[in-house]
Asker: 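Dropping the structure in here first, questions after.
Residue numbering restarts at 1 for every chain, and letters A, B, ... go by the order of the sequence lines. Computation of the quantities below employed the complete heavy-atom set of this structure, encompassing side-chain atoms and omitting hydrogens, waters and symmetry-equivalent molecules.
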Number of protein chains: 2
Amino acid sequence: MQASLAVSSFQPAEAPWLDTILKGDCVAALDRLPERSVDAIFADPPYNLQLNGDLHRPDQSKVDAVDDDWDRFESFAAYDAFTRAWLLAARRVLKPNGTIWVIGSYHNIFRVGAAMQDLGYWILNDIVWRKTNPMPNFRGRRFQNAHETMIWASRDAAAKGYTFNYDALKAANDDVQMRSDWLFPICTGAERLKDDSGNKLHPTQKPEALLARVMMASTKPGDVVLDPFFGSGTTGAVAKRLGRHFVGIEREQAYIDAARERIDAVVPLPSVDLSLLTGKRAEPRVAFVSLIDAGIVRPGMFLYDARKRWVAKVRADGTIAAGDRVGSIHRVGAQVQELDACNGWTFWHYERNGGLTAIDELRRIARLGMERAGA
Amino acid sequence: MQASLAVSSFQPAEAPWLDTILKGDCVAALDRLPERSVDAIFADPPYNLQLNGDLHRPDQSKVDAVDDDWDRFESFAAYDAFTRAWLLAARRVLKPNGTIWVIGSYHNIFRVGAAMQDLGYWILNDIVWRKTNPMPNFRGRRFQNAHETMIWASRDAAAKGYTFNYDALKAANDDVQMRSDWLFPICTGAERLKDDSGNKLHPTQKPEALLARVMMASTKPGDVVLDPFFGSGTTGAVAKRLGRHFVGIEREQAYIDAARERIDAVVPLPSVDLSLLTGKRAEPRVAFVSLIDAGIVRPGMFLYDARKRWVAKVRADGTIAAGDRVGSIHRVGAQVQELDACNGWTFWHYERNGGLTAIDELRRIARLGMERAGA
DNA sequence: GGCTTGGATGAATCGTTAC
DNA sequence: GGTAACGATTCATCCAAGC
C-alpha cells in the first residue's frame with residue numbers, strides 16, 4: 001500500500017464562487033452555479049418536524065425545539081415539492097462521478113430518500129449516526145430517538161467512478177471495513193456556536209467529526225464540497241481543515257456572518273497529514289511478461305499453488321502452461337481450479353529458501369525497479 | 001408504578017382465524033379479516049433489491065442472493081402500488097390504538113415510510129437493527145451494510161392510547177431508556193430453519209430476539225399480532241412463546257407447513273421475564289480513527305514505541321506513517337519490527353509529562369465516553 | 001473428550017482497462 | 001461502443017473434520 005496525494009484538476013481562477021457562501025434561496029443559488037462543477041454535496045435540509053404545541057421536560061422547563069419558519073411546511077406535498085426542487089437543482093451541479101449526502105430524521109428522511117430514487121440518484125448506503133448523548137424522550141411514550149440517518153448516493157446507477165477511500169477507512173478502523181453505523185457525540189461545548197446572548201446560534205449544528213468522516217470517505221484533497229443548507233458552516237470549516245474547497249448556500253445573513261468568521265479562524269492541516277492511504281487498486285499495472293523482460297522471472301521456471309496441488313511452467317511469451325492448459329497466470333489459475341476467475345498474482349507461488357512465496361512479491365520488486373527508472 | 005397484567009377483551013371463540021396461517025395473497029387475505037381486529041402488525045415485505053448478475057466472495061464462492069420471484073418488481077411505481085395496497089388493507093384491520101412495524105433496507109424503506117405517512121400512519125420511531133455479524137462488502141466499493149431499519153407507527157396521529165411498555169423496557173435496559181438502535185446477531189445456527197437438503201428454508205428469516213423485543217415493547221399478553229408476510233413464521237413462534245396470539249398470511253404452502261410445525265413445537269413461557277431478553281453487551285471495540293473524531297488524538301501527533309526506536313506520525317485519515325510505511329497502527333507497528341502482527345494499542349506510545357504512555361490509555365478514555373451509548 | 005483447523009455462509013442494489 | 005482480459009476483494013460465526 002502507498003500514500004498518494006491526488007488533487008482534482010480544478011482551477012480556482014475559473015470559479016469566483018469557490019470557498020464562498022452564496023446568499024439566497026437554495027434553488028436559485030444552485031441554478032447560478034455551473035453544471036457538473038462540484039465533487040460532493042452535503043445537505044442538511046429542514047426536517048419538517050410537525051411539532052404541535054410546546055414540549056416540556058419533567059421539571060417543566062421548555063425544550064428549545066426546532067420551530068423556525070424555515071422548518072414549517074403546509075403538508076407532505078409541499079415538503080415533497082420543496083425536496084424535489086432542491087434535489088433536482090443539486091443534481092445538475094454535481095459532477096457525473098460525484099456523490100451526495102443527505103441527513104435527516106424519521107420525520108423527513110423517508111420522503112427525501114424516495115424523492116432521491118425517483119430523480120435517478122442511486123443509493124450507495126444509508127448511514128446511521130448513533131448519538132452517544134441523545135436527548136431523552138421526556139414523556140416516556142416512545143423509544144429514545146438516539147440516531148439520525150444519512151443517505152449516500154451517486155448521481156445515477158451507471159456512475160461507478162465515485163470516490164470511496166476504502167483502504168484508508170479500513171486502516172483507520174483497526175483493519176476491518178467501515179460499517180454503516182457510526183458513533184459520534186452531538187455537537188456541544190466549545191464546538192457549538194453561540195449568539196451574543198449565549199444561546200445556541202443554530203438549532204441543528206452538526207458535529208465536525210461527522211462531516212470529517214463523510215469527507216475523508218468520499219472526497220479527495222482539493223475536491224469541491226457543496227452545502228446547499230450551510231447554516232453555521234460546519235461543512236465549510238471541515239472542508240477547509242481537510243484541504244477541500246467548499247461552496248455554501250444560506251439565506252440568513254446572521255448565519256452567513258457567523259460561518260464566515262468561523263471558517264476564517266480554521267487552520268488547514270498540512271497536506272502531508274492529509275494524503276490518503278490507497279490500496280492495490282491505485283498501483284500501476286504490471287504485466288507478467290515484464291517480469292521476464294526485467295530478468296526477475298525466467299522462462300522454464302516452475303510455479304505452484306500454495307499447497308502444491310498444481311504446477312505450471314513459465315513460457316517465454318509471458319504465458320504459463322499447466323499440463324495442456326496454456327494462458328495467462330490468471331486464466332490457467334482459474335482453469336486448474338475449475339473456477340470462473342482467479343488472481344494469478346496471489347494464486348501462483350515460486351520456491352524460495354525451501355518454502356513457497358507468492359509471485360505477487362516479484363511484482364512488488366518489479367514495481368520498485370520501475371519507480372527508480374521513473375517509469 | 002404498578003405491575004399490571006392487562007389483557008385485551010378479545011374472545012377467541014369469535015375468531016376462527018386466530019393462531020392460524022391464512023394461505024393466499026396478502027391483500028386478499030387481509031380483506032377477509034374483520035376491521036379493527038388486531039393489536040399489532042409486524043410486516044417484513046419484499047425489499048425490491050434490484051440485483052444484477054452474480055456476486056462472488058474473494059475466495060470465488062458465489063453469494064446466495066435473494067433472487068426469488070416475489071422480490072422482483074417492474075419499477076419503483078409498481079413497488080409503490082404494491083406497498084400502498086397492503087399498507088391500506090392492513091390499516092383497516094388494525095385497531096385504532098394498534099401499532100405497526102415494518103422492516104426494510106435502504107432499497108425499499110424510504111418508499112415504505114413515505115407511503116405510510118401518505119396513508120395517515122403516524123411514525124413513532126424508526127428503529128435501527130444493528131447486526132453483530134453482517135455480510136461484508138466483498139468488493140470494497142461501499143460501507144459494509146451492517147443494519148436494517150424498522151418503522152414503528154400508530155394508525156394515525158390522534159391515536160394516543162397505543163401500547164408502549166416504557167417502564168419494563170427501561171428496567172430491562174439497566175434502568176436507562178431503551179434507545180432507537182438495537183444490537184442483535186442475524187439468524188444463524190440452530191435457530192435457522194433448514195429444508196430437507198440442509199439449505200436455508202427461507203432466504204430472509206429474522207432472529208427471534210428481534211421479534212421478542214418488538215412484542216415486549218408494543219404489545220400486552222393476550223394481544224393479537226398480525227404478520228402479512230409470514231414466511232418461516234418467526235412472528236408466530238415468538239408470539240406463542242410470549243403469550244400473544246398471532247395471525248399469519250403466506251402464499252407458499254412449503255413455508256406454511258414449516259411454520260406450522262415450528263410453532264407447534266414452541267412452549268409458551270409461564271411468566272414473561274424481560275431480563276431474559278437482554279444480553280450482556282460486549283466491550284465496545286474502538287477504532288483508532290474514533291480517537292481523532294473525539295479530539296483525543298490530533299493529526300500530526302507523534303507516536304513512539306516504548307524505547308523510542310521508532311517514531312510514527314498520525315494522519316487525518318486515521319492511519320499512521322513511519323518513514324514510507326503507511327497503514328493502521330497495527331500494520332505499521334508490525335512492519336517496523338518486521339513481524340507478521342502487532343497490537344498497535346500497546347506498542348505505540350505518546351509523550352505525556354516527559355514520559356511515554358501507551359495509546360491504550362487513550363482508548364480507555366475514549367471507551368468511557370462511549371459506554372453509555374452501548375456501542 | 002477436547003482442541004484446532006478448515007470450510008461454509010448471511011436481504012448484496014459490490015470494476016476497470018485495453019483492444 | 002462492445003468485448004475480453006485483467007485482477008481486486010471478506011467479517012463473524014457456526015459446524016464438521018481431524019488430531
Asker: Whom does dA12(C) pair with, Watson-Crick or G-U wobble, provided both distances fall under 3.5 Å?
Answerer: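 The answer is none; no pair meets the criterion.
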
Asker: Out of dT9(D), dA12(C), dG10(C), which nucleotide sits closest to the side chain of Asp167(A)?
Answerer: dT9(D)

Asker: If you compare every side-chain N and O of Arg363(A) against the phosphate oxygens of dA8(D) (OP1, OP2), does one of them come in below 4.0 Å?
Answerer: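 Looking at the OP1 and OP2 atoms of dA8(D), one of them is under 4.0 Å from a side-chain N or O of Arg363(A).
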
Asker: Distance check, C1' atoms only: dC14(C) and dG10(C), in whole angstrom units.
Answerer: 15 Å

Asker: Mind checking Gly231(B) for me? I need base, sugar-phosphate or nothing, with any heavy atom below 4.0 Å counting as a touch.
Answerer: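 Here Gly231(B) touches no strand at all.
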
Asker: Nearest to the side chain of Val66(B), which nucleotide is it out of dA12(C), dC14(C), dG10(C)?
Answerer: dA12(C)

Asker: Scan every strand shown for a Watson-Crick or G-U wobble partner of dT5(C), both distances under 3.5 Å, and answer none if you come up empty.
Answerer: dA16(D)

Asker: From NE2 of His56(B) over to P of dC14(C), roughly how many Å is that when rounded to an integer?
Answerer: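 Distance, rounded to whole Å: 14 Å.
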
Asker: Using a cut-off of strictly less than 4.0 Å, decide whether His330(A) has a side-chain nitrogen or oxygen near OP1 or OP2 of dC6(D).
Answerer: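 Result: no.
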
Asker: Counting only Watson-Crick or G-U wobble pairs whose two distances fall under 3.5 Å, which nucleotide matches dT17(C)?
Answerer: dA4(D)

Asker: Take atom P in dG1(C) and the same atom in dA16(D), then report the distance between them in whole Å.
Answerer: 15 Å

Asker: Using the six-membered ring for Trp and the full ring for Phe, Tyr or His, decide whether Trp122(A) stacks on the six-membered base ring of dT13(C) (centres under 5.5 Å, planes under 30°).
Answerer: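 Yes; centroid distance and tilt both under limits.
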
Asker: Using a heavy-atom cut-off of under 4.0 Å over every strand shown, decide if Thr132(B) touches base, sugar-phosphate, or nothing.
Answerer: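 It contacts sugar-phosphate atoms only.
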
Asker: How is Pro134(B) classified with respect to the nucleic acid when contacts are heavy atoms under 4.0 Å: base, sugar-phosphate, or nothing?
Answerer: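 The residue Pro134(B) makes base contact.
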
Asker: Would you classify Ala341(A) as touching base, sugar-phosphate or nothing, given that sugar-phosphate means primed atoms plus P, OP1 and OP2, and contacts are heavy atoms under 4.0 Å?
Answerer: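 The residue Ala341(A) makes base contact.
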
Asker: Across all strands shown, which nucleotide pairs with dT9(D) by Watson-Crick or G-U wobble geometry, both distances under 3.5 Å?
Answerer: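 Pairing partner, where one exists within any strand: none, as none qualifies.
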
Asker: Please classify dT13(C) as syn or anti, treating any glycosidic angle within 90° of 0 as syn.
Answerer: syn

Asker: Phe138(B) or Gly189(B): which one's nearest nucleotide on DNA chain D is closer to the 5' end?
Answerer: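 Looking at the nearest nucleotide for each, Phe138(B) comes out on the 5' side.
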
Asker: Mark yes when over 12 heavy atoms from residues, nucleotides or ligands other than Lys200(B) sit less than 6.0 Å from its NZ; otherwise mark no.
Answerer: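 Counting other residues, nucleotides and ligands, NZ of Lys200(B) exceeds 12 neighbours.
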
Asker: Report the nucleotide, chosen from dT9(C), dT10(D), dT16(C), that has the shortest atom-to-atom distance to any side-chain atom of Lys160(A).
Answerer: dT16(C)

Asker: Which nucleotide in the set dT9(C), dT9(D), dT13(C) lies at the smallest distance from any side-chain heavy atom of Pro58(B)?
Answerer: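 Closest nucleotide among those given: dT9(D).
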
Asker: If I take atom CG in residue Leu339(A) and atom P in nucleotide dA8(D), what distance separates them, rounded to the nearest angstrom?
Answerer: 17 Å

Asker: Would you kindly compare Asn145(B) and Cys187(B) by the position of their nearest DNA chain C nucleotide and give the one closer to the 5′ end?
Answerer: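 With Asn145(B) and Cys187(B) compared, the 5'-side residue is Cys187(B).
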
Asker: Looking across every strand, which nucleic acid part, if any, lies under 4.0 Å from Asp71(B) by heavy atom: base, sugar-phosphate, or nothing?
Answerer: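 Base contact.
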
Asker: When rounded to the nearest 0.5 angstrom, what distance separates OH in Tyr47(B) from CD in Glu148(B)?
Answerer: 3.5 Å

Asker: Using a heavy-atom cut-off of 4.0 Å across all strands, would you classify Arg281(A) as base, sugar-phosphate, or nothing?
Answerer: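 Sugar-phosphate, backbone atoms only, no base.
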
Asker: Could you check which of dT13(C), dA11(C), dA12(D) has an atom nearest any side-chain atom of Tyr47(B)?
Answerer: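 Side chain of Tyr47(B) sits closest to dA11(C).
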
